[in-house]
Amino acid sequence: MVPGDRYDRAMTTPQQGPQQQAAMPLHPQVSQNQHAQYLPVPPTGAVSYALGFLAFIGIPFLSLLVAGIVMAAVYPSAKRKGGLAAENARRAANWGITAFLIATITLVTHFVLLFTATGTSLGDGFYPVGIPITIFAATFVVHLVVIICGLVKANRREVLRNPLAIPFIRSAQPTQNAA
């Protein structure tokens, strides 16, 4: 060891000279019969929210539809893990289906308005034909906020309670019989 090295256990003061600190091992000692136990971290369901970033792959309009489908499609896999992962995946799937429906309805409405308003005074400006596109853009922004909040909550081992998501998938709660 080189004196002054950060792993050097000796300490030198001008008045007292070298002093030896109590020897502390750098690594915990484990006997041959003992094994260090590493417990796996339980899944949180954050993957379900993270897949929502597929909405930003760059394919206009289609990417949000794909993200909603994928967020919903991951739920059965996460449901088997149980606990927090299942609950976060269920809520992410509900948001994914909601975002998919909003995106689908606004795009269909936009094209219907576009074809019916073409050649009339309604088709001259951006509005009213652009109202569905504005709603779609707002859904896109809300989707970003929801998936970021969902990821943060899931990584904190909490569940995001999203009031905007339609509860298509209900939680499997045991029924209580009145006796």
Side-chain angles (χ1 to χ4, degrees), residues 6 26-28 30 34-115 117 125-176:
R6 68 180 190 184
L26 292 176
H27 302 290
V30 178
Q34 295 176 339
H35 298 286
Q37 292 183 349
Y38 296 101
L39 299 174
V41 178
T44 63
V47 172
S48 301
Y49 282 108
L51 288 171
F53 282 114
L54 287 173
F56 302 96
I57 57 176
I59 302 170
F61 307 115
L62 183 63
S63 57
L64 186 59
L65 299 174
V66 169
I69 291 170
V70 171
M71 288 174 74
V74 172
Y75 172 67
S77 163
K79 183 180 176 183
R80 287 190 294 268
K81 295 176 184 173
L84 181 64
E87 185 62 19
N88 273 328
R90 181 181 71 82
R91 292 183 183 262
N94 282 334
W95 172 249
I97 296 168
T98 302
F100 175 81
L101 285 176
I102 292 171
T104 303
I105 291 169
T106 55
L107 288 174
V108 168
T109 305
H110 173 70
F111 286 114
V112 167
L113 282 174
L114 186 66
F115 290 126
F126 182 71
Y127 292 107
V129 176
I131 291 173
I133 297 300
T134 305
I135 294 171
F136 183 85
T139 303
F140 206 75
V141 171
V142 170
H143 177 73
L144 177 65
V145 171
V146 167
I147 61 174
I148 290 174
C149 290
L151 278 169
V152 169
K153 287 280 200 173
N155 286 323
R156 288 183 182 168
R157 303 205 159 292
E158 298 173 3
V159 175
L160 175 67
R161 302 200 188 316
N162 183 358
L164 299 174
I166 301 169
F168 293 105
I169 304 169
R170 303 276 182 185
S171 63
Q173 296 177 351
T175 57
Q176 297 178 0

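This structure is a prediction, so every number in the text was calculated from the model and none was measured. Values below: every heavy atom of this structure, side chains too, minus hydrogens, waters and symmetry copies.
Taken to the nearest 0.5 Å, the CG atom of L101 stands 4.5 Å off from the CZ atom of F168. Taking NE2 of H110 as the reference point, atom OG1 of T134 lies at 10.0 Å (rounded to 0.5 Å). Atoms CD1 and OG1, from I133 and T139 in turn, are 10.5 Å apart once rounded to the nearest 0.5 Å. One distance of note links OG1 of T104 with CZ of F136; it measures 8.5 Å at 0.5 Å rounding. A distance of 9.5 Å separates OG1 in T98 from CE in M71, rounded to the nearest 0.5 Å. We find the CG-CG distance between L65 and L107 to be 6.0 Å, quoted to the nearest 0.5 Å.
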Original post:
Run the side chain to side chain contact (heavy atoms under 4.5 Å, CB included) check on L160 and W95 step by step: do they pass?
Top reply: CA-CA 11 Å; L160 175 67; W95 172 249; over 6 Å; no
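Side-chain atoms of N94 come within 3.5 Å of backbone N or O of I169 as a donor-acceptor pair. Using modelled atom types, one side-chain atom of T106 and one backbone atom of A103 make a donor-acceptor pair closer than 3.5 Å. A distance-only check finds no donor-acceptor pair linking the side chain of R157 to the backbone of L84 [under 3.5 Å]. Looking only at distances, no side-chain donor or acceptor of R91 sits under 3.5 Å from a matching main-chain atom of R161. For the pair N88 (side chain) and E158 (backbone), a donor-acceptor distance under 3.5 Å is present.
The nearest pair of heavy atoms linking A72 to P76 is O-CD, 3.8 Å. In terms of heavy atoms, T109 sits closest to I105 at OG1-O, 2.6 Å. The two residues Y75 and A89 have their closest heavy-atom pair at CD1-C, 3.6 Å.
Put simply, the side chain of L164 reaches to within 4.5 Å of the side chain of V142, judged on heavy atoms.
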What side-chain donor-acceptor pairs closer than 3.5 Å can you find for residues 46-59, not counting sequence neighbours?
none

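When the shell of 6.0 Å around CZ of R156 is examined, it contains 12 or fewer heavy atoms from other residues, nucleotides or ligands.
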